[in-house]
Amino acid sequence: MLRIVVCVSGGGTNLQAVIDAISKGSITNARIEAVISNNPGAYALQRAKDHGISEICISPKQFENRERFNQAFLEEVNKYQPDLIVLAGFLVVIPEIMIRQYPNRIINIHPSLIPSFCGTGYYGLKVHEGVLKRGVKVTGATVHFVDEGTDTGPIILQKPVLVEEGDTPEILQRRVMEQAEWNILPQAIDLIANGKVSVEDGKAVIANV
Ligand code: GAR
C-alpha cells in the first residue's frame, strides 16, 4: 500500500479528486496518511477532516527563519513515512533536503503544459493570465516529479485543454482543472502506486498499461 502525504495551500479540489479516486477504486494500492497545509485557512484542510484524514497546518510564519521551517516541515512529513509526497496546489518551495531525501518520490500538479508557463512566478491564476496574455490556443496541465529546479523534474503525464474565445483566467483555470488536472493527478498516483512509473535518463517512463 503506497503511503501518501498530500501538501496543499488552498481550496483542495485536486486533493478532493484524489480522495474520490481512492474511494471509487480508480486509484488502487494507495492511502492518504496526512494532508499538510501551510495556510491555516485552506479549505483543503476541511476536506481532509471530512474524510477522516489527519490534517496538519505548518506555516513558515510560525518560525523565525526559513531554515527552521524547512527542518520542522521535513520532520512533520517524515512522521508519516510516506512513499509518495503529492503537491496539490502547494505554494511553498520544497526544501532541498526534502528533495534529496525523497528522490523521484515527490510529484507536483502544474496547470500548464510544461515547459510553457512554468517556473518562478507561475502559479495558480498567474499561469492562466500568462496563457491568455500570450494568446496561445492550447494549454493544459502536467504532473511531474519534483527535482531541485522549479517545475523542471521528469514529466509523468500531460493533458491538453483548448483555450476559448472570451476566456478569463478564472474560466480557463476551471476548465484546465475539470478537463486535465482532476484526471491526470489521480491517474499518475495510480500508475505510481502500481509500480508503472520509472525514471530513466532523467525522463519518466510509463510501463505499458
Ligand atoms: C491548481 O490549479 C494547481 O495546478 C495549482 O494550484 C491550483 C490549486 O487548486 N498549482 C500550481 O500553480 C503550482 N505551481 P486546488 O487547491 O483547488 O487543488
Side-chain angles (χ1 to χ4, degrees), residues 4-22 27 32 34-51 53 55-60 73 84-95 98-99 106-134 136 138-163 167-189:
I4 301 173
V5 165
V6 184
C7 299
V8 296
S9 298
T13 63
N14 279 285
L15 166 68
Q16 190 68 53
V18 175
I19 292 172
D20 293 346
I22 291 174
I27 294 177
I32 302 177
V35 170
I36 300 180
S37 173
N38 63 306
N39 167 14
Y43 186 64
L45 288 172
Q46 187 63 43
R47 294 181 192 269
K49 207 173 193 172
D50 291 346
H51 290 83
I53 300 167
E55 20 99 31
I56 300 101
C57 177
I58 178 166
S59 160
F73 176 49
L84 183 70
I85 299 165
V86 176
L87 310 181
F90 189 56
L91 302 182
V92 172
V93 175
I94 298 300
M98 187 180 280
I99 295 166
I106 309 174
I107 64 170
N108 179 48
I109 176 85
H110 183 78
S112 76
L113 294 175
I114 290 175
S116 288
F117 307 102
C118 64
T120 308
Y122 280 115
Y123 58 89
L125 268 185
K126 291 187 191 298
V127 176
H128 306 292
E129 284 164 8
V131 164
L132 293 177
K133 195 164 175 212
R134 183 64 185 85
V136 297
V138 181
T139 182
T142 302
V143 182
H144 64 93
F145 285 114
V146 173
D147 67 6
E148 281 83 357
T150 306
D151 301 327
T152 53
I155 291 169
I156 305 166
L157 293 176
Q158 292 189 299
K159 194 162 181 221
V161 172
L162 294 181
V163 179
D167 272 351
T168 63
E170 291 79 6
I171 291 171
L172 184 58
Q173 179 182 51
R174 182 76 191 179
R175 187 178 317 113
V176 168
M177 284 176 160
E178 284 177 355
Q179 294 185 5
E181 296 185 48
W182 301 341
N183 298 316
I184 62 173
L185 183 60
Q187 199 187 340
I189 294 172

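All ligand and atom numbering here is 1-based and tracks the order in the structure. Note that these values count all heavy atoms, side chains included, but never hydrogens, waters or copies made by symmetry. Keep in mind that this is a model prediction, so the values were computed, not measured.
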If you count the atoms of ligand 1 from 1 in the order shown, which ones are under 4.0 Å from a heavy atom of Gly124?
11 (C), 12 (O)
From atom 16 (O) of ligand 1, work out which of Gly89, Gly12, Cys118, Ser9 has a heavy atom at the shortest distance.
Gly12
So which heavy atom on Tyr122 is nearest to which on His110, and how close?
O-CE1, 3.4 Å
Option with minimal heavy-atom separation from atom 5 (C) of ligand 1, where the choices are Ala42, Ala88, Pro111, Gly11
Pro111
Return the residue, atom name and 0.1 Å-rounded distance of the protein heavy atom closest to atom 9 (O) of ligand 1.
Met177 CE, 3.4 Å
Could you list which atoms of ligand 1 come closer than 4.0 Å to a heavy atom of His110?
14 (N)
With a 3.5 Å cut-off and no angle check, do the side chains of Asn39 and Ser9 form a donor-acceptor pair?
no
Would you check if Gln173 and Pro111 make a side-chain contact, meaning some heavy-atom pair closer than 4.5 Å?
no
Does Arg47 reach the side chain of Val35, with side-chain heavy atoms less than 4.5 Å apart?
no
Taking the side chain as C-beta and beyond, is there a heavy-atom pair between Gln187 and Ile156 under 4.5 Å?
no
Going by distance alone, is a donor N or O of one side chain under 3.5 Å from an acceptor N or O of the other, for Gln16 and Asp20?
yes
Given Val127, Val176, Leu15, Thr13, which one has a non-hydrogen atom that is nearest to atom 15 (P) of ligand 1?
Thr13
Flag Asn14 as yes when one of its N or O atoms lies below 3.5 Å from any N or O atom of ligand 1, and as no otherwise.
yes
Taking atom 1 (C) of ligand 1 as the reference point, the nearest protein heavy atom with its distance
Glu181 OE1, 3.1 Å
Regarding Asp50 and Gln46, do their side chains bring together a donor and an acceptor under 3.5 Å, going by distance alone?
yes
Would you mind checking which non-hydrogen protein atom is closest to atom 10 (N) of ligand 1, with the distance to 0.1 Å?
Ile109 O, 3.7 Å
